[in-house]
Engineer: 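Below are the structure tokens for one structure; questions will follow.
Naming convention: chains lettered A, B, ... in sequence-line order (proteins, then strands); numbering from 1 in each chain. The analysis underlying the following values was restricted to heavy atoms, covering all of them including side chains, and did not include hydrogens, waters or symmetry mates.
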There are 2 protein chains.
Amino acid sequence: MELKTLRTFVAVAELRNFSAAARRLHTVQPAISRQIAELEEELGVPLLWRSTREVRVTATGEVLLEDARRMLALEVEARERVTRAASGHTGQLRIGYMSSATARFLPTLLQQFSARYPDVHLELFEMTAQQQLEAFARQEIDLGFSRPLPEPETLGLERLSLYQDRLMAVLPRSHPLAGLQRLSLKALAQEAFVLFERGQASGLFDMIISACGEAGYSPRVIRQPAQMQTLISLVASGLGVAIAPACIRFLQSEGCVFIPLHLAPPPIALELHYSRDPLRPTVDAFLKEARQMQVGIKALMELE
Amino acid sequence: MELKTLRTFVAVAELRNFSAAARRLHTVQPAISRQIAELEEELGVPLLWRSTREVRVTATGEVLLEDARRMLALEVEARERVTRAASGHTGQLRIGYMSSATARFLPTLLQQFSARYPDVHLELFEMTAQQQLEAFARQEIDLGFSRPLPEPETLGLERLSLYQDRLMAVLPRSHPLAGLQRLSLKALAQEAFVLFERGQASGLFDMIISACGEAGYSPRVIRQPAQMQTLISLVASGLGVAIAPACIRFLQSEGCVFIPLHLAPPPIALELHYSRDPLRPTVDAFLKEARQMQVGIKALMELE
DNA sequence: TTGATTTATACTTAATTTGTATGAATTGGG
DNA sequence: CCCAATTCATACAAATTAAGTATAAATCAA
């Protein structure tokens, strides 16, 4: 039983005429006769009663007619569903993100995406860069917002840089240097440092250490919190100073001041990673949306 | 899109391996490759992601997979439904009947049929032989229980004789001849006759008239009721006598006696008519059942 | 690096389907 | 009452389509 045969059968049953069905299907009458005969032979059952003047659908034929119509309708529906899925308008999207770096723009981006793709089921997972890597390997997420990963290509990942985050000095509001417009790393040589835990973001950690090294000292690190919010709280309480990406000023940062660094280390990117093998069209749809918003994201994160 | 292609797609998606799918489908791997490639091209969409080491179903492929399985399941169901319909186990059966002639056995026959074919929807229409003819012409009934019809073959009808009904004299219980075991038609020459209306059953009517003619008289017909029950009531009330098929003694016949006729006219058959063109397998199923019960019907109607 | 395994492609061969011509049956009009 | 017209079935040749064979390219494991 093939859909082509069923299309023929439905046409004949509807028109009650082999020749007319042939015309509708852009073929010739003997082709129709054979298809019907073969269908009847395959099922071992008469479906149509025909004389030279009249074609009638048997009771058995009516039963098949119903199911044939269902199958053909299902084919049309399947085409539609496949098309929608392939264009990224339906399906799911599992997103890993670091809240500290994305708090400012991710809600807006997601809202915008959902408005345009309302039938895509979004799943959000807050995770560090390292956790995202593992999640990608286990195929548990489709997109990840994180700091640059080491050699993403070898893991089958593509990347899209969303914006560059400058490093800034974070001082308690009561700190003697808190009023300055600009600060050199050297000026912090004697300070106690609170740095984001190396395990979570080795690139950031090492960059700060080497920048201090270039400024002529090795920083005295007294705490390594695993959360940016903790880091801010520690600085606000006067325990030490920090060097951190500018984005964290959008977290709860009462009691801290953020001062641009003179001769700052190169800015650190926020990247959107995704699998190179395109198993999820929703990813492409999201990327399109993200690329359109990219300018806006940059403006949000860098200006002000 | 053809079911064959979808079967291939489902096999590959399930086995995640083109070669294994080829083996399952008893063909060769290049055939599978081509079918999948053509399906993807037709839909304009990647369904499977494949390397030489791994085959994965894309999100779009998963969507099609669901619908493909539905279609294939529907095909299996359709086959089953068609088979059941063709064997007469499902469907409908519209039956015309004359209650006077069938009251005795039809309920039993229907009950028996329903027990064996519980999913056949029975529709019953009480109608005279003439009405049955018209109903057949309009294709409103599939089976008709009636007296023999004139030239049923020319109307595309087949017939099955169920039993032969003798004609009997029907007299009021108070009638002088009511005590006899046997009666000649001649003995009724002076009686007033109540005969079943000719329009309803011309064969019966004419047979009685000609039988009387052979007995040497023309009966004096004072009433021609259209219902057998009415005829019985008229006789019971003493208005006249009647000649009628033996079967009517199974109606409400208090006050009447039924007496066998000496030199009776040939018995009159009860027939089951049905269309020659087999549009309804339920008809064949019913006929099979009816033929099996035929002996029983004869016994019921003739003995006693 | 080699051997094994897997998918894709090129090409030949086989199978299937179509289209043409024609026959048989039935109906309606002249 | 016959003839033209229409309809479905069948036979056969032609064309299309799909399958099978051989082989290439890629990847992974030993």
Side-chain angles (χ1 to χ4, degrees), chain A residues 1-58 61 137 139 153-156 275-279, chain B residues 1-58 61 137 153-157 275-279:
Chain A
M1 200 189 294
E2 289 302 324
L3 291 183
K4 182 185 181 183
T5 318
L6 295 178
R7 275 185 282 267
T8 302
F9 174 65
V10 171
V12 175
E14 280 175 359
L15 297 170
R16 300 247 228 41
N17 185 313
F18 283 52
S19 308
R23 285 190 289 276
R24 177 194 279 189
L25 299 174
H26 307 106
T27 180
V28 293
Q29 169 263 317
I32 305 294
S33 285
R34 268 191 309 270
Q35 284 182 44
I36 298 295
E38 276 163 27
L39 182 59
E40 288 179 319
E41 194 180 2
E42 178 189 346
L43 296 175
V45 149
L47 301 169
L48 298 169
W49 178 95
R50 56 262 205 203
S51 70
T52 54
R53 273 292 145 177
E54 194 183 5
V55 173
R56 275 186 280 175
V57 184
T58 64
Q139 303 191 46
E153 295 78 13
T154 63
L155 300 162
S275 170
R276 176 179 295 145
D277 306 329
L279 291 178
Chain B
M1 199 189 295
E2 289 302 324
L3 290 183
K4 181 185 184 183
T5 317
L6 295 178
R7 275 186 281 267
T8 302
F9 174 65
V10 170
V12 175
E14 280 176 0
L15 298 169
R16 300 246 225 46
N17 185 317
F18 283 53
S19 308
R23 285 189 290 276
R24 177 193 281 188
L25 298 174
H26 308 106
T27 180
V28 293
Q29 169 264 317
I32 306 294
S33 285
R34 268 192 308 268
Q35 284 182 45
I36 298 295
E38 277 163 25
L39 182 59
E40 288 179 321
E41 194 181 2
E42 179 188 345
L43 296 174
V45 149
L47 300 169
L48 298 169
W49 179 95
R50 56 264 206 200
S51 70
T52 55
R53 273 290 146 178
E54 192 182 7
V55 173
R56 274 186 279 175
V57 183
T58 64
E153 297 78 13
T154 62
L155 300 161
L157 294 180
S275 172
R276 175 179 295 144
D277 307 328
L279 293 177

Engineer: How close or far is atom C1' of dA9(D) from atom CD1 of I32(A), stated in whole angstroms?
Structural biologist: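 I32(A) atom CD1 is separated from dA9(D) atom C1' by 14 Å.
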Engineer: CE of M1(B) to CG of L3(B): how many Å apart, nearest 0.5 Å?
Structural biologist: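 That separation rounds to 10.0 Å.
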Engineer: Could you state the CD-P distance from E41(B) to dT17(D), rounded to the nearest angstrom?
Structural biologist: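 Interatomic distance, CD of E41(B) to P of dT17(D): 13 Å.
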Engineer: Specify the separation, in whole Å, of atom CD1 of I36(B) and atom P of dT6(C).
Structural biologist: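 Computing the I36(B):CD1 to dT6(C):P distance gives 17 Å.
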Engineer: Does a side-chain N-to-carboxylate-O contact under 4.0 Å join E2(A) and R7(B)?
Structural biologist: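 Judged by the 4.0 Å cut-off on N to carboxylate O distance, E2(A) and R7(B) do form a salt bridge.
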Engineer: Between atom CZ in R50(A) and atom P in dT26(C), what is the gap in whole Å?
Structural biologist: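 In whole Å, dT26(C) P and R50(A) CZ are 15 Å from each other.
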Engineer: Are L15(B) and R23(B) side-chain neighbours, meaning at least one heavy-atom pair lies under 4.5 Å?
Structural biologist: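 They are not in side-chain contact.
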Engineer: Of all heavy-atom pairs between G61(B) and V57(B), which one has the smallest distance, and what is that distance?
Structural biologist: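 Distance-wise, the nearest heavy atoms are C-CG1, 3.6 Å.
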Engineer: Does any N or O donor sit under 3.5 Å from an N or O acceptor when you compare the side chain of R53(B) with the base of dT7(C)?
Structural biologist: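 When only heavy-atom distances are counted, R53(B) does not reach the base of dT7(C) through any donor-acceptor pair under 3.5 Å.
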Engineer: Between P on dA8(C) and CD on E54(B), what's the gap in Å once rounded to a whole number?
Structural biologist: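 Rounded to whole Å, this separation is 14 Å.
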Engineer: Just how far, in rounded Å, is C1' of dC8(D) from CG of L15(A)?
Structural biologist: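 Atom CG in L15(A) sits about 15 Å away from atom C1' in dC8(D).
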Engineer: Can you measure from CD (Q29(A)) to CG (N17(A)) and round to the nearest 0.5 angstrom?
Structural biologist: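 Spacing of CD (Q29(A)) from CG (N17(A)) equals 9.0 Å.
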Engineer: Measure the distance from CZ on R23(B) to P on dT5(C) and round it to the nearest whole Å.
Structural biologist: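 Spelled out: CZ on R23(B) to P on dT5(C) is 10 Å.
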Engineer: Restricting to nitrogen or oxygen on both sides, can you table the protein-nucleotides 19-25 of chain D pairs closer than 3.5 Å?
Structural biologist:
unit_1	atom_1	unit_2	atom_2	d
dA19(D)	OP1	K4(B)	NZ	2.6
dA19(D)	N7	R34(B)	NH2	3.0
dG20(D)	OP2	T27(B)	OG1	2.5
dG20(D)	O6	R34(B)	NH1	3.1

Engineer: Could you state the atom-to-atom distance from CD of E2(A) to P of dT17(D) in whole Å?
Structural biologist: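 About 16 Å, once rounded to whole Å.
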Engineer: Please confirm whether the shortest side-chain N or O distance from N17(A) to OP1 or OP2 of dT6(D) is below 4.0 Å.
Structural biologist: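 N17(A) to dT6(D) OP1/OP2: no side-chain N or O under 4.0 Å.
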Engineer: Is the phosphate of dA25(C) approached by S51(A) (side-chain N or O, under 4.0 Å from OP1 or OP2)?
Structural biologist: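 Answer no for this pair, as no side-chain N or O of S51(A) is under 4.0 Å from OP1 or OP2.
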Engineer: Please round to the nearest 0.5 Å and tell me the distance separating atom CZ of R56(A) and atom OG1 of T58(A).
Structural biologist: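 Those atoms lie 11.0 Å apart.
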Engineer: Taking only N and O in the side chain of S19(B), is any of them less than 4.0 Å away from OP1 or OP2 of dT6(C)?
Structural biologist: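 No, because none of the side-chain N or O atoms of S19(B) sits under 4.0 Å from OP1 or OP2 of dT6(C).
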Engineer: Please determine whether a side-chain nitrogen or oxygen atom of S33(B) lies at a distance below 4.0 Å from atom OP1 or OP2 of dT7(C).
Structural biologist: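 False: S33(B) side-chain N/O out of range (4.0 Å or more) of dT7(C) OP1/OP2.
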Engineer: Measure the spacing between CZ of F18(B) and CD of Q35(B) and express it to the nearest 0.5 Å.
Structural biologist: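 Reported to 0.5 Å precision, the distance equals 10.5 Å.
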